[in-house]
Asks: 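Okay, here's the structure, questions in a sec.
By convention in this document, chain letters (A, B, ...) are assigned in the order of the sequence lines, proteins followed by strands, and residues within each chain are numbered from 1. Computed from a predicted structure; not experimentally measured.
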Number of protein chains: 2
Amino acid sequence: MAIDKQTVLRTALTLLDEVGSDGLTMRVLAKALNVQAPTLYWHFPSKRDLLDQMADALIAPVAGMVNVTTEPDDVLWSLATALRATLLSRRDGARVYAGTYVMGENVLAVADIALAALLCKGLTQQTAVDAMFNLVSYVLGFTIEEQGFRERWSGEESVESVREQFISAMGGRFPALSQSLDAVLAGDFDARFERGLDAFFGGLSSPG
Amino acid sequence: MAIDKQTVLRTALTLLDEVGSDGLTMRVLAKALNVQAPTLYWHFPSKRDLLDQMADALIAPVAGMVNVTTEPDDVLWSLATALRATLLSRRDGARVYAGTYVMGENVLAVADIALAALLCKGLTQQTAVDAMFNLVSYVLGFTIEEQGFRERWSGEESVESVREQFISAMGGRFPALSQSLDAVLAGDFDARFERGLDAFFGGLSSPG
DNA sequence: ACTCCAATCTAACGTTGTTAGACTGGCCCT
DNA sequence: AGGGCCAGTCTAACAACGTTAGATTGGAGT
């Protein structure tokens with residue numbers, strides 16, 4: 001029974017959750033498909049290419065999650081939320097996605113939805129493109145940092161231990177930061193993301 | 001003559017420009033230092049740790065570039081601009097930085113400057129921390145995408161070739177995107193970044 | 001002169017992405 | 001029915017990678 005691209009990609013994404021992006025080697029992936037590693041090179045020219053297509057497959061759910069029946073700002077809002085949720089839903093999702101610039105099916109679909117909403121708001125084409133790029137960049141950057149934080153700290157270390165690491169690293173300097181240490185440690189990423197989107201949309205409403 | 005951490009880090013960053021992040025192996029770095037690869041493990045416990053410290057060293061210039069004598073918004077603006085410029089100044093700079101969350105000297109310094117300016121504006125501690133995180137995330141995400149674009153396309157491929165790739169990949173679908181294709185290809189990253197910051201600061205001025 | 005230890009070396013291990021080339025099995029043509 | 005063909009998989013192997021073990025150097029302190 002021959003394997004095909006879709007099966008490989010689906011298995012690779014499932015495996016990503018189990019072993020992480022560092023653990024996702026060609027041999028491990030091959031074993032999960034009951035196949036030898038070199039076989040994968042019949043379907044993909046390189047691991048780089050496989051990762052690129054994984055990145056596109058990763059965000060496949062996004063387009064279906066956005067509410068397209070409402071007004072432009074709601075579309076953009078739900079698109080940003082869906083993109084973050086989708087990247088977060090898989091282990092190392094943001095990092096896997098960040099490496100790649102690919103003109104894949106789903107990447108283009110997401111860009112198209114955002115652009116349509118922005119043009120509908122009456123923005124210039126150039127302004128709309130810039131805003132789309134900025135919005136996607138923000139969501140991506142935010143999610144990379146969030147996932148980095150989570151995987152670094154949500155393990156066995158307690159909040160107290162992290163606080164001590166901070167205090168030790170700061171060593172008396174950086175007054176504004178140490179004064180706000182509680183807020184740093186108490187960070188609620190959902191609320192933070194909403195505030196970011198609020199700020200972004202607040203400034204976006206000026207005429208383009 | 002013994003090598004020390006600072007020399008290793010400086011050489012590693014210089015080498016990054018020549019060989020890129022994929023080409024920066026322990027053996028290549030060792031050769032540039034006239035040393036054998038295992039010697040590096042006397043100074044750094046692992047390559048991961050070396051990369052973390054490189055990431056912190058990478059953004060060392062930022063703190064010195066920001067204009068601290070002016071009002072808060074100008075401080076934040078120049079900080080964001082300096083951070084982007086610094087990440088762009090080295091090959092794969094954004095990607096090297098993105099992998100790491102480290103409480104390094106310079107990371108903390110940048111955070112402290114941003115937080116001080118935001119608190120000076122009268123924001124709550126939690127709001128200020130969220131805004132700082134959001135601002136840094138945006139700059140990072142933007143720069144990752146920008147550098148990805150640049151290294152992917154600014155090579156031998158002409159704009160026309162990129163346009164054809166887009167058209168071929170879209171294949172008739174994605175009307176909003178194909179309608180705006182000229183704006184996508186003509187993208188000026190400096191202007192785009194300024195627009196992003198404008199939007200961000202526009203929405204930030206609401207009371208926290 | 002002797003000790004000691006920081007810093008480097010050589011040698012090697014296991015793993016990784018990737019390639020070359022041989023095999024298998026099912027479909028098509030006569 | 002039989003003979004080619006070729007998509008798809010296999011085995012074997014390569015160079016390069018991060019990393020470890022253990023021997024060796026060389027200069028500072030007593």
Asks: With sequence neighbours left out, what residues match Ser168(B) under side-chain hydrogen bond (donor to acceptor under 3.5 Å, both in side chains)?
Replies: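 Per chain and number, Ser168(B) pairs via side-chain hydrogen bond (donor to acceptor under 3.5 Å, both in side chains) with no residue.
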Asks: Taking the six-membered ring of Phe133(B) as reference, does the NZ or CZ atom of Arg192(A) fall below 6.0 Å from its centre and within a 45° cone about the axis?
Replies: yes
Asks: Name all residues meeting the side-chain hydrogen bond (donor to acceptor under 3.5 Å, both in side chains) criterion together with Glu160(A); count only those two or more places apart in sequence or in a different chain, and write none if there are none.
Replies: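 Checked Glu160(A) against side-chain hydrogen bond (donor to acceptor under 3.5 Å, both in side chains); matches are Arg163(A).
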Asks: Hey, can you pull the residues of residues 37-55 of chain B with a non-hydrogen atom under 4.0 angstrom from DNA chain D?
Replies: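 By residue number: Pro38(B), Tyr41(B), Ser46(B), Lys47(B).
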Asks: Round to the nearest Å and state the distance from Asp22(B) atom CG to dA15(D) atom C1'.
Replies: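 So the CG-C1' distance, Asp22(B) to dA15(D), works out to 16 Å.
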Asks: Tell me the interatomic distance from Asn34(B), atom CG, to dA7(C), atom C1', rounded to whole angstroms.
Replies: 15 Å
Asks: According to the side-chain hydrogen bond (donor to acceptor under 3.5 Å, both in side chains) rule, which pairs have a member within residues 21-30 of chain A, sequence neighbours left out?
Replies: Ser21(A)-Asp92(A)
Asks: Contacts to DNA chain D from residues 12-19 of chain B, heavy-atom cutoff under 4.0 Å, which residues?
Replies: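 Nothing qualifies; none.
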Asks: Expressed as a whole number of angstroms, how long is the span from Lys31(B):NZ to dA16(D):C1'?
Replies: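 Lys31(B) atom NZ is separated from dA16(D) atom C1' by 13 Å.
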Asks: Using the salt bridge (charged side-chain N to carboxylate O under 4.0 Å, His left out) rule, collect all pairs that involve residues 4-20 of chain B, keeping only residues at least two apart or in two chains.
Replies: Asp17(B)-Arg90(B)
Asks: Nearest-Å distance, CD (Gln36(B)) to P (dG18(D))?
Replies: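 These atoms are roughly 14 Å apart.
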Asks: With sequence neighbours left out, write down each residue that passes side-chain hydrogen bond (donor to acceptor under 3.5 Å, both in side chains) with Tyr97(B), or none if nothing qualifies.
Replies: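 If we apply the side-chain hydrogen bond (donor to acceptor under 3.5 Å, both in side chains) test to Tyr97(B), skipping adjacent residues, there are no hits.
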Asks: Take atom CG of Asp4(A) and atom P of dG8(D), then tell me their distance rounded to the nearest Å.
Replies: 9 Å
Asks: Quickly work out the Leu24(A) CG to dT16(C) P distance and round it to whole Å.
Replies: 11 Å
Asks: By the salt bridge (charged side-chain N to carboxylate O under 4.0 Å, His left out) test, which pairs, at least two apart or in different chains, include something from residues 32-45 of chain A?
Replies: none
Asks: List for me each residue that meets side-chain hydrogen bond (donor to acceptor under 3.5 Å, both in side chains) alongside Glu146(B), sequence neighbours excluded, and say none if there are none.
Replies: Arg84(B), Arg150(B)
